[in-house]
Number of protein chains: 2
Amino acid sequence: MNTININKKFGRFSEHWTPKVIGELNGQHIKLAKVQGDFVWHDHKDEDELFIVFKGTLYIDFRDGRTEVIQPGELLVVPKRVEHRPWTKDGEEVQLMLIEPAETKHTGDVMDEKTQTELEWI
Amino acid sequence: MNTININKKFGRFSEHWTPKVIGELNGQHIKLAKVQGDFVWHDHKDEDELFIVFKGTLYIDFRDGRTEVIQPGELLVVPKRVEHRPWTKDGEEVQLMLIEPAETKHTGDVMDEKTQTELEWI
């Protein structure tokens with residue numbers, strides 16, 4: 001049980017769309033991710049997903065045509081079974097925290113070249 | 001499902017030691033709290049508790065004599081059944097986010113004048 005400095009953890013990786021685990025509580029993982037460009041449309045059948053943005057502006061599209069804009073100091077919970085597509089504008093790198101059940105795949109049930117099958121703790 | 005600005009939510013209350021709920025995911029509440037001074041020793045029998053500090057410096061004492069110091073941009077997970085006592089120094093107000101199961105009482109099994117029995121959403 002140690003205090004974790006979020007920015008220092010962001011400094012420990014540079015890959016995009018590959019969330020790293022920094023902690024866990026009650027069966028949920030606390031993850032950090034750097035993202036850039038477009039992600040795939042996906043949903044999570046049984047898991048709500050929390051996004052907290054620390055740097056940059058994250059856009060998340062929904063199938064009803066709405067786009068949520070999430071800036072540093074802002075958060076969004078995407079409920080289970082809601083299809084969404086995260087993306088960033090003009091190649092900006094966005095740094096964010098995710099909290100979701102430990103069994104969650106970040107691409108949901110969609111298998112894609114971006115799908116990460118092994119989780120790395122940092 | 002709307003993006004939440006954390007600072008704006010902090011602006012919506014001023015009481016200390018009375019966490020407000022701003023969201024939920026997977027049976028967990030996302031709460032904001034302003035704290036100042038000493039809290040009571042307590043633990044949570046079945047729930048891990050996540051503290052993320054946004055303003056000020058939070059101290060958490062443990063029964064083994066250790067004190068964790070959590071500053072803005074830092075987080076700590078306190079595992080279930082670990083007794084802890086949060087406090088702040090010299091009357092500083094600390095602003096923090098908590099994530100814990102919806103059924104968690106913030107004073108654990110300790111009933112105290114600070115124990116909050118009704119949760120308020122803001």
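Lettering follows sequence order; numbering is per chain, from 1.
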Residue among B:K80, B:K9, B:R66 with most heavy-atom pairs under 4.5 Å to chain A: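 Counting heavy-atom pairs under 4.5 Å, the top option is B:R66.
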
Contact winner vs chain A - B:P101, B:G27, B:G23, B:P72, heavy-atom pairs under 4.5 Å: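 Looking at each option in turn, the highest pair count goes to B:P101.
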
Qualifying residue, where the test is side-chain contact (heavy atoms from CB on, under 4.5 Å) with A:M1 and the options are B:I60, B:D48, B:L76: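 The side-chain contact (heavy atoms from CB on, under 4.5 Å) with A:M1 is passed solely by B:L76 among B:I60, B:D48, B:L76.
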
Could you walk me through whether A:E74 and B:I4 pass the side-chain contact (heavy atoms from CB on, under 4.5 Å) test, one step at a time? CA-CA 5 Å; A:E74 296 186 332; B:I4 290 169; over 6 Å; no

[X], part contacting chain A, at a heavy-atom distance under 4.5 Å:
X: B:F51; result: neither
X: B:E24; result: backbone
X: B:D46; result: backbone
X: B:V82; result: side chain

Close side-chain approach of [X] and [Y], heavy atoms under 4.5 Å:
X: B:N26; Y: A:I99; answer: no
X: B:E49; Y: A:L25; answer: no
X: B:I52; Y: A:I6; answer: yes
X: B:T3; Y: A:V69; answer: no

Derivation and outcome, side-chain contact (heavy atoms from CB on, under 4.5 Å), residues B:N5 and A:L75: CA-CA 7 Å; B:N5 183 290; A:L75 63 84; over 6 Å; no

